[in-house]
J.: 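Please find one structure pasted underneath; my questions will follow.
Just so it is clear: chains get the letters A, B, ... in the order the sequence lines come, proteins before strands, and each one is counted from 1.
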2 protein chains.
Amino acid sequence: MQNVNPQEGTAEFPGHRGETVAPDDEAKVALVRELLSRVADKWTLLVVDALEESELRFNQLRAKVGASQKMLTKTLRQLERDGLVVRRVHPTVPPAVDYRLTPLGLSLGETVCSLWLWVDAHMNDVQRSRVAFDRAARPEA
Amino acid sequence: MQNVNPQEGTAEFPGHRGETVAPDDEAKVALVRELLSRVADKWTLLVVDALEESELRFNQLRAKVGASQKMLTKTLRQLERDGLVVRRVHPTVPPAVDYRLTPLGLSLGETVCSLWLWVDAHMNDVQRSRVAFDRAARPEA
DNA sequence: CAGCATCCGAAAAGATACTG
DNA sequence: CAGTATCTTTTCGGATGCTG
């Protein structure tokens, strides 16, 4: 979920009557979607959450979120590029690198937290619904 | 982002000292992650947002969120299974189907809204950060 | 230690054609 | 209209080997 499909602008669907957005800010809508995909990414969520308590080094983070080095690196680069984390390299040997949230990243963390809380609060409702749905769909066996 | 990797439990990483969760509710953590992935899915977000204003029919929804029919169907089935939307089929010909949020879905909608607002509020910060990052990474050319 | 590059299998998502 | 089924393309993500 790294980038959003470029061809999905709201305006070019046949039969679409253009009631969804003002004609001007289609680029903005695209960016919102792109950012939403970014921010809603599994590893992003986990990393932001992990860094909320304290800054961490690469392998600490890796252990904590359970990501492969490749995914963690990619996620961290994106977060850094987006201004959500800062990467600090200590000129030691071997090198030590730590990551911490910026104020922007911290503010995202709070928002993510509300999502987290929703899941925690309504988990049971969802699970009961699933059981009912599955039983309704497959009454036999 | 349909399902979460089953092997990523927080507790089995080397060097992990177990300070993140109580030893008992690992299953719960797994479910939280699974639900988070579900709920943080791009299409889910878009669909829930689209249905917040009013109920919509399949193709209206399709046009509004810009999903392929395949993705929309899958997303709607999941939302229905999770008890977040209700699917109503009108016995007409040709058939008309509309979708609307349940109270549970509506409560998620509010949470999603906060994510949306974050993106909207900090979009510009992110974009400026990106420009700076990219310029720093590629000073030549 | 932190990371980049490459390869490869698995999963996701788009396009297309067909149906009640 | 609202799907299902199938095919192809794209992306994800783990494994491995190599650097400073």
J.: Please identify each residue that fulfils side-chain contact (heavy atoms from CB on, under 4.5 Å) with B:V32, with sequence neighbours left out.
T.: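 Testing B:V32 for side-chain contact (heavy atoms from CB on, under 4.5 Å), a comparison that skips the adjacent residues, returns A:W116, A:V119, A:D120, A:M123, B:K28.
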J.: Partners of B:S114 by side-chain hydrogen bond (donor to acceptor under 3.5 Å, both in side chains), sequence neighbours excluded?
T.: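 By the side-chain hydrogen bond (donor to acceptor under 3.5 Å, both in side chains) rule, B:S114 matches A:S114.
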J.: Taking only the side-chain heavy atoms of B:S68 (C-beta and beyond), determine which of D:dG3, C:dG14, D:dG14 contains the nearest atom.
T.: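 Among the listed nucleotides, the one closest to the side chain of B:S68 is C:dG14.
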J.: B:T44: what forms a side-chain hydrogen bond (donor to acceptor under 3.5 Å, both in side chains) with it, not counting sequence neighbours?
T.: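 Testing B:T44 for side-chain hydrogen bond (donor to acceptor under 3.5 Å, both in side chains), a comparison that skips the adjacent residues, returns B:D41.
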J.: Give the rounded distance in Å between these two atoms: NZ of B:K42 and P of C:dA13.
T.: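 It works out to 8 Å between those atoms.
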J.: Mind checking what makes side-chain contact (heavy atoms from CB on, under 4.5 Å) contact with B:V93, not counting sequence neighbours?
T.: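 B:V93 satisfies side-chain contact (heavy atoms from CB on, under 4.5 Å) with no residue once adjacent residues are dropped.
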J.: Output the rounded distance in Å from CG (A:L61) to P (C:dG3).
T.: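 Going from CG in A:L61 over to P in C:dG3 covers 10 Å.
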J.: Taking salt bridge (charged side-chain N to carboxylate O under 4.0 Å, His left out) as the definition, give me every residue that meets it alongside A:R130, ordered by chain and number, with sequence neighbours left out.
T.: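 By the salt bridge (charged side-chain N to carboxylate O under 4.0 Å, His left out) rule, A:R130 matches B:E34, B:D82.
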J.: Within less than 4.0 Å of OP1 or OP2 of C:dC1, is there a side-chain N or O belonging to A:R57?
T.: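 Indeed not, no polar side-chain atom of A:R57 lies that close.
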J.: With axes from five pairs an end, tell me the bend angle of the helix from C:dC1-D:dG20 to C:dG20-D:dC1, nearest 10°.
T.: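 The angle separating the two end axes equals 40°.
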J.: With sequence neighbours left out, what residues match A:R128 under salt bridge (charged side-chain N to carboxylate O under 4.0 Å, His left out)?
T.: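 With neighbours one apart ignored, the set is A:D125.
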J.: Please list, in numerical order, the residues of residues 48-55 of chain B that have a heavy atom closer than 4.0 Å to any atom of DNA chain C.
T.: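 Close to the strand, none.
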J.: What side-chain donor-acceptor pairs closer than 3.5 Å can you find for residues 46-59 of chain B, not counting sequence neighbours?
T.:
from	atom 1	to	atom 2	distance (Å)
B:E55	OE1	B:R88	NH2	3.1
B:E55	OE2	B:R88	NH2	3.1

J.: Can a side chain N or O of A:W43 be found less than 4.0 Å away from OP1 or OP2 on D:dG13?
T.: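 Yes, within the criterion.
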J.: Measure CG/A:L72 against C1'/C:dC1 and give the value in whole Å, please.
T.: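 Interatomic distance, CG of A:L72 to C1' of C:dC1: 13 Å.
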J.: Is B:Y99 near enough to D:dG3 that one of its side-chain N or O atoms lies under 4.0 angstrom from OP1 or OP2?
T.: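 It does, given that an N or O in the side chain of B:Y99 lies less than 4.0 Å from OP1 or OP2 of D:dG3.
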J.: Does the side chain of B:L76 come within less than 4.5 Å of B:R87's, by heavy atoms?
T.: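 B:R87 vs B:L76: side chains apart.
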J.: In whole Å, I'd like the distance from the CE atom of B:M71 to the C1' atom of C:dA12.
T.: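 Distance check: B:M71 CE to C:dA12 C1' gives 6 Å.
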J.: Might you list the N or O atoms of the protein lying below 3.5 Å from N or O atoms in nucleotides 4-8 of chain C, with each pair's distance?
T.:
from	atom 1	to	atom 2	distance (Å)
C:dC4	OP2	A:R77	NE	3.4
C:dC4	N4	A:Q69	NE2	2.4

J.: Let me know, please, whether B:N59 or A:P94 comes out on the 5' side of the other along DNA chain D by nearest nucleotide.
T.: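 Nearest nucleotide further toward 5': that of B:N59.
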J.: Taking side-chain contact (heavy atoms from CB on, under 4.5 Å) as the definition, give me every residue that meets it alongside A:V86, ordered by chain and number, with sequence neighbours left out.
T.: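 Residues passing side-chain contact (heavy atoms from CB on, under 4.5 Å) with A:V86: A:R100, A:T102.
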J.: Applying side-chain hydrogen bond (donor to acceptor under 3.5 Å, both in side chains), name anything that partners B:S68, two or more places apart in sequence or on another chain.
T.: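 Checked B:S68 against side-chain hydrogen bond (donor to acceptor under 3.5 Å, both in side chains); zero matches.
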J.: Kindly say whether A:R81 contributes a backbone atom to a donor-acceptor pair with the side chain of B:S129 at under 3.5 angstrom?
T.: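 Side chain of B:S129 to backbone of A:R81, a donor-acceptor pair under 3.5 Å: yes, one is there.
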